[in-house]
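One-based numbering along the sequence shown.
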Amino acid sequence: MASIFSPLTKNIGIDLGTCTTQVYVEGRGIVLSEPSVIATDERNQKVVAVGRNAENLLIQSPEVVKIHRPLVNGVIADYSVTSTLLNYILSRAVRTVQRVRVNLGVPAIASDVEKRAVLEALYRAGAKETSLIETGAAAAIGAGLPVLEPTGSMVVDIGGGTTNVAVLSLGGIVVSEAIHTGSIELDETLRDYLRMKYAVVTDDATVEEMKIYNGSAILPIEDRHFYFTGRGLDDGLEREVSLKSSEIYEVMGRPLLKIIELIRRTLKETPPELAADIMEQGIVLTGGGSLLKGLDQLVAQETGVPVMVAAEPETAVAKGAYTALKNRQKFDSLIQGVQTIYKRRF
């Protein structure tokens, strides 16, 4: 335990998301928030950029640059690329310390094999001590929920590739569920609709923009138009398309229904005494997906439970992972160390 108090030790919480990576460093707060992507030069297969620089490079030189997303649905899909990303993250986060302790959020549905891959990637990137925490638990801690109290707290973390729902009480997880549905599926559903209805394709930035500015989880009062330029599938020519708010609302209803069903299922599995606490205190939404207009209202309407969005939903997991690590004695039951995951002592 001496290393915890060493002046050369830094505690770091990481939310290694499918779309975005957030890093919370002791004494500095969020120091990095960048896309979870790596760009390689197809001519020599070398890594040329990471994070936001990688996305910018793709725009400048699309013919020679290939984008890699090392994570799919919140877990490692490419080990070597993930190691490169984590090495970049740690080098950007801390530069003068000799010892780094990292706590990283993982989805509730991640297997032990996937968890081991994350730990190995962290060690390879230079971390001296590593541990994992379920995304739902980290989000609840980061959102400031009273998870150590003898009352029930419920959080819904909507990320890029997964949605995690957790009920916590007395410093432990009572119920935890997750599905491979998140912001990415919302974007893909919009792209499919554009192909089928308007026979056009457009870039990721445009799809994200129409979702942010014209998307809604509830029927919009004002049916606004979103104008954008896409490429026709039949002739390859540029054409202008107008998409109504009501159209986006209907399209996104299908993936949102999966999230609603997940929340309902979790509530059914929650013990009655804790469910009563949740009915009184409400459900807290975190993650980038929680910023969709009207999502809190939709969840409240469909579940009959008060719903609120966390103050800083996008950084809740990284902040919670750090907080749990910094106060490990309090949150020890929520943290998974190497002994637990590898099933043997080191």
Side chain to side chain contact (heavy atoms under 4.5 Å, CB included) evaluation trace for T82 with L16: CA-CA 10 Å; T82 302; L16 190 62; 4.3 Å; yes
Between the main-chain N or O of R224 and the side-chain N or O of S245, is there a donor-acceptor pair closer than 3.5 Å? yes
Does T130 form a side chain to side chain contact (heavy atoms under 4.5 Å, CB included) with Y123? I'd like the steps, not just the answer. CA-CA 7 Å; T130 65; Y123 280 125; 3.4 Å; yes
Starting from the C-alpha separation in whole Å, work towards a yes-or-no answer on side chain to side chain contact (heavy atoms under 4.5 Å, CB included) for I179 and R265. CA-CA 12 Å; I179 55 173; R265 186 166 67 247; 4.1 Å; yes
Can you check whether A108's main-chain N or O pairs, donor with acceptor, with N164's side chain at less than 3.5 Å? yes
Is a donor from one side chain sitting under 3.5 angstrom from an acceptor on the other, for H180 and T162? no
So, D277 side chain and G152 main chain: donor-acceptor pair closer than 3.5 Å or not? yes
Quick one: pull up NZ in K115 and CD in E120 and give me the separation to the nearest 0.5 Å. 15.0 Å
Is the shortest heavy-atom distance from the side chain of L32 to the side chain of Q22 under 4.5 Å? no
Quick one: are V156 and T286 in side-chain contact, heavy atoms under 4.5 Å? no
Heavy-atom closest contact (A121 atom, L86 atom, distance): CB-CD1, 3.5 Å
Got a sec: does the CD of E261 have more than 12 other heavy atoms crowding it under 6.0 Å? yes
Side-chain heavy-atom pair I133, V106 within 4.5 angstrom cut-off: no
Heavy-atom check, side chain of T229 versus side chain of R239, under 4.5 Å: no
Can D192 and R254 be counted as an ion pair, charged N to O under 4.0 angstrom? no
How long is the straight-line distance from CG of L145 back to OG of S169, given to the nearest 0.5 Å? 12.0 Å
Same apolar cluster: I30 and V25, side chain cutoff 4.5 Å: no
I'd like to know whether S131 forms a side chain to side chain contact (heavy atoms under 4.5 Å, CB included) with R101, so could you lay out the CA-CA distance, the side-chain angles of the two residues, the decisive distance to 0.1 Å, and finally the verdict. CA-CA 8 Å; S131 57; R101 301 173 70 243; over 6 Å; no
Whether the side chain of R52 engages the backbone of S33 through a donor-acceptor N/O pair (distance < 3.5 Å, no angle test) should be reported. yes
What I want to check is whether the side chains of E134 and S176 have a donor and an acceptor closer together than 3.5 Å. yes
Considering all heavy atoms of both residues, which atom of K244 and which atom of N214 are nearest to each other, and what is their separation? C-ND2, 4.0 Å
Heavy-atom count check: over 12 atoms from other residues, nucleotides or ligands less than 6.0 Å from K319 NZ? no
Quick check: is I141 connected to L168 through a chain of hydrophobic side chains (ILVMFWY, heavy atoms under 4.5 Å apart)? yes
Show the nearest heavy-atom pair for residues A318 and D15, with the distance to one decimal. N-CB, 3.8 Å
Look only at the side chain of K46 and the backbone of T40, and say whether a donor-acceptor pair between them is shorter than 3.5 Å. no
I'd like to know if the side chain of S111 reaches the main chain of E114, judged simply by a donor and an acceptor atom lying under 3.5 Å from each other, with no hydrogens or angles considered. yes
Would you say the side chains of Y193 and E247 form a donor-acceptor pair under 3.5 Å? yes
Distance, nearest 0.5 Å, that separates CG of D187 from CE of M252: 9.0 Å
Kindly compute the distance separating CG (L256) from CD1 (I259), expressed to the nearest 0.5 Å. 5.5 Å
If I take atom OG1 from residue T202 and atom CD from residue E209, how far apart are they, to the nearest 0.5 angstrom? 9.5 Å
Is it true that T206 and D204 share a donor-acceptor pair across their side chains at a distance under 3.5 Å? no
Would a hydrophobic clustering, with Ile, Leu, Val, Met, Phe, Trp and Tyr connected at side-chain separations under 4.5 Å, put L190 with I184? no
CG-CG distance between L325 and D332, expressed to the nearest 0.5 angstrom: 11.0 Å
Sub-3.5 Å donor-acceptor pair from the side chain of D223 to the main-chain atoms of S246, do we have one? yes
Cluster question for you: counting only ILVMFWY and a side-chain heavy-atom cut-off of under 4.5 Å, with indirect links fine, are L262 and L186 together? yes
Where A93 and V23 come nearest, the two heavy atoms and their spacing: CB-CG1, 4.0 Å
With a 4.0 Å cut-off, would you call E302 and R264 a salt bridge? yes
For a quick test of reading the model, state the closest non-hydrogen atom pair linking I335 to A324 and the distance between them. CD1-O, 3.4 Å
Which atom names give the shortest non-hydrogen contact between L71 and T18, and what distance separates them? O-CG2, 3.5 Å
Take a 6.0 Å sphere around CD of E273 and say whether it holds more than 12 heavy atoms from other residues, nucleotides or ligands. yes
In terms of hydrophobic clustering (I, L, V, M, F, W, Y; side-chain heavy atoms under 4.5 Å; direct or indirect links), are V50 and V118 co-clustered? yes
Do you see a donor-acceptor pair shorter than 3.5 Å between the side chains of T21 and S36? yes
So that I can tick it off, tell me whether K258 and E185 are bridged by a salt bridge, with the cut-off set at under 4.0 angstrom between side-chain N and carboxylate O. yes
What I'd like to find out is whether the side chain of E177 reaches to under 4.5 Å of the side chain of T163, using heavy atoms alone. no
Would you say that L295 contacts V299 through its side chain, given a criterion of any heavy-atom pair below 4.5 Å between the two side chains? yes
Salt bridge flag under 4.0 Å for residues D41 and K66: no
Non-hydrogen side-chain atoms of N11 and N103 separated by less than 4.5 Å: no
With a sphere of 6.0 Å drawn around OH of Y79, does it hold more than 12 non-hydrogen atoms of other residues, nucleotides or ligands? yes
Would you say V102 and L90 make side-chain contact, with heavy atoms under 4.5 Å? yes
